[in-house]
Amino acid sequence: MADYDENDQQMDCALDLMRRLPPQNVEENLITLLEVLPELTEDLLSAIDQPLKIRQDAQAGKEYLVCDYNRDGDSYRSPWSNEYDPPLADGNVPSDRLRKLEMAANEAFDTYKELYYEGGVSSVYLWDMDDSFAGVVLIKKVNDGTVRSKGSWDSIHVIEVVEKGRQARYKLTSTVMLYTVASGAKGDRQNEINLSGSLTRQDERDLPNEDANAHIVNMGRMVEDMEFKMRNALQEVYFGKTRDIVNGLRSASDLSESKNRERLQRDLFGQLKSRKD
Amino acid sequence: MSTDDRIAKAAGFLLFSPPGEVDDVFNDIRGIVNDDETLQQHIGPVLAESNMQQFLAVDVPEQSSSVLITPYNQVDEGRYLDPNTQTVFKFDHLRREPSDPQDGSHLVVAETEELRAALQKSLSAYVAAHYSSGTVSVFSHEGSVVSCIVSNRFSPNNYWNGSWRSVWSFNPASGQLNGSTKVRVHYFEEGNVQLDTQSDFAADVEAGKVKEAIAKFEGEFQQGINDGYGMLAEKTFRGLRRTLPVTRNKIDWEKIANYKIGGELANADNN
């Protein structure tokens with residue numbers, strides 16, 4: 001019992017720490033954390049989001065995304081061929097029924113990805129649970145076309161589904177990682193502005209599950225609505241809030257000048273008012 | 001890796017704390033390590049380095065003056081000089097407490113003191129004019145006059161913290177001014193978003209124009225940050241994901257599900 005509590009405390013502190021360390025270094029930070037807490041490796045790998053990596057499925061001639069959800073040991077499963085790379089004799093795969101849904105979901109979200117991201121890579125992985133199933137919808141888009149700036153967007157949508165007759169309950173936990181870097185005028189690390197990190201949101205809905213398409217439609221709508229909200233939130237936080245904070249640290253204009261201006265305005269207003277009365 | 005190595009690595013995380021969150025990160029490290037005694041052995045130097053990096057502002061004991069804790073006014077381990085009151089004092093990095101003030105007039109550097117005092121005066125006025133919560137301390141250091149500026153805004157209840165830190169070193173013999181400015185912002189409501197930007201400057205200036213040069217560079221740096229924000233918002237972010245598809249409508253999921261997948265799922269049902 002004592003060990004369980006200690007692990008809990010360590011996990012809570014590790015997760016809080018990852019929310020404070022610079023997201024710019026999330027990969028190195030995780031590696032160091034695993035060196036400090038090797039006994040919690042599996043828990044940390046599944047709890048801490050990392051930027052998605054892209055792999056090539058040579059067999060299918062398509063790219064796919066890798067993360068902890070399609071990992072088994074040191075191998076990763078492609079959603080297109082359903083095979084592990086490097087190959088595994090009996091790696092974890094979804095049941096036949098779930099695999100069909102998984103294939104359909106990959107097709108649907110591939111279309112979604114094209115319509116919103118006009119490029120990028122998507123992958124959907126499903127896994128069986130006791131009374132239900134769960135899955136993750138992954139999307140990655142990189143924009144490094146210009147010398148002056150580059151960015152990348154990683155969506156990680158984890159969905160838990162519990163079927164209840166003609167309805168199903170869907171619980172969505174979404175994280176979007178957004179990395180943006182503007183280079184200095186000389187194109188080097190000098191004057192580089194690195195504005196990066198992630199936001200996480202949740203949603204839960206009970207929706208009708210009355211035909212074969214229902215899960216695709218329901219998950220699709222939830223993810224689309226969530227990304228709509230999160231895109232707005234990211235824009236506001238990144239380019240609104242943090243920018244305001246910077247300009248609150250230093251004022252480009254002389255603060256005493258603006259204080260004088262304010263005092264002048266107050267005096268003027270006072271004089272005008274007293275003339276009216 | 002030995003336990004000792006692991007604890008040393010954990011302690012090292014402290015140096016990456018966002019502004020205003022050193023205590024939170026310290027508590028996380030304590031919870032992770034779960035061995036206060038061994039952690040104590042490693043954390044001392046890390047805390048000292050962290051405080052000096054952050055330009056911690058402290059009240060000088062028995063003086064109505066404050067000074068920044070930096071590598072440039074460190075007299076020896078755990079002792080710092082306030083050149084404005086010529087006081088040397090002890091500083092406990094763990095409790096962040098100054099104590100034991102002593103006369104430090106022997107530590108004044110005669111050759112650069114006039115320049116240092118003048119720059120302290122003009123930069124104090126400059127900082128008051130541009131930093132609503134800023135502090136500047138000017139020190140004589142290895143033949144140069146070093147000015148340290150820090151401006152912090154902490155609002156953890158609103159899930160954000162920010163810090164602006166600059167160091168400007170002027171060498172009167174060569175007339176060279178070297179500077180480095182670093183800005184860090186952390187937003188953490190349901191997420192972890194951080195701004196990290198810094199810049200280095202170098203120029204030749206007259207001794208009487210140091211303040212003007214600093215003001216100019218810092219103003220340009222701030223403008224550069226704002227320009228960068230504009231570019232990231234208009235170009236980089238826009239290029240990643242559209243607000244809506246080209247159709248200007250949300251997706252018709254029934255259509256997508258039926259069009260491509262109808263066959264697959266119908267087969268699944270028949271099994």
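This structure is a prediction, so every number in the text was calculated from the model and none was measured. Chain identifiers are assigned alphabetically (A, B, ...) following the order of the sequence lines, protein sequences preceding nucleic acid strands; residue numbering begins at 1 within each chain.
- If you measure heavy-atom distances from T175(A) to chain B, you find no contacts under 4.5 Å at all.
- Among pairs with a residue in residues 14-26 of chain B, those fulfilling salt bridge (charged side-chain N to carboxylate O under 4.0 Å, His left out) read R20(A)-E21(B), R20(A)-D24(B), D23(B)-R96(B), at least two apart in sequence or across chains.
- Here the side chains of E114(A) and P245(B) are not in contact, with every heavy-atom distance at 4.5 Å or above.
- Side-chain atoms of T200(A) do not come within 3.5 Å of backbone N or O of E190(B) as any donor-acceptor pair.
- In terms of modelled atom types and a separation under 3.5 Å, the side chain of Q10(A) and the main chain of I32(B) share a donor-acceptor contact.
- Heavy-atom distances place no part of M177(A) under 4.5 Å from chain B, backbone and side chain included.
- Using a 4.5 Å cut-off on side-chain heavy atoms (C-beta onward), L249(A) and V183(B) make contact.
- H130(B) places a side-chain N or O within donor-acceptor distance of the main-chain N or O of S251(A), the cut-off being under 3.5 Å.
- Both the backbone and the side chain of V217(A) come within less than 4.5 Å of a heavy atom in chain B.
- Q9(A) places no side-chain N or O within donor-acceptor distance of the main-chain N or O of N34(B), the cut-off being under 3.5 Å.
- Between the side chain of K235(B) and the backbone N or O of K150(A) there is no donor-acceptor pair closer than 3.5 Å.
- Within the 4.5 Å cutoff, the side chain of T242(A) has heavy atoms near those of the Y229(B) side chain.
- For a residue to count as touching a neighbouring chain, one of its non-hydrogen atoms must lie under 4.5 Å from one of that chain's; by this rule N152(B) touches chain A with the backbone only.
- With respect to chain A, the highest number of heavy-atom pairs below 4.5 Å among N226(B), V246(B), L195(B) belongs to N226(B).
- Side chains of E254(B) and N213(A): no donor on one and acceptor on the other come within 3.5 Å.
- Against chain A, no residue from residues 36-43 of chain B qualifies, as none has a non-hydrogen atom under 4.5 angstrom away.
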Checking salt bridge (charged side-chain N to carboxylate O under 4.0 Å, His left out) for the pair E224(A)/K250(B): CA distance, chi angles, key distance, verdict? CA-CA 8 Å; E224(A) 183 177 29; K250(B) 283 194 173 176; 5.8 Å; no
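- No side-chain donor-acceptor contact under 3.5 Å links N192(B) to the backbone of S198(A).
- Put simply, CD1 on I256(B) and OH on Y112(A) are 10.0 Å apart, with the number rounded to the nearest 0.5 Å.
- Using modelled atom types, one side-chain atom of H186(B) and one backbone atom of R19(A) make a donor-acceptor pair closer than 3.5 Å.
- Looking at N247(A) and Q222(B), their side chains do bring a donor and an acceptor atom within 3.5 Å of each other.
- F237(B) places none of its side-chain heavy atoms less than 4.5 Å from the side chain of Y238(A).
- At least one side-chain heavy atom of W160(B) sits less than 4.5 Å from a side-chain heavy atom of K241(A).
- Looking at R241(B), its side chain never comes within 3.5 Å of a backbone N or O of W153(A) through a donor-acceptor pair.
- Looking only at distances, no side-chain donor or acceptor of E192(A) sits under 3.5 Å from a matching main-chain atom of Q198(B).
- Looking at heavy atoms from C-beta onward, L255(A) lies in side-chain contact with S132(B) at the 4.5 angstrom threshold.
- Side chain of T236(B) to main chain of S149(A): no donor-acceptor pair is present (N/O by atom type, distance under 3.5 Å, no hydrogens or angles).
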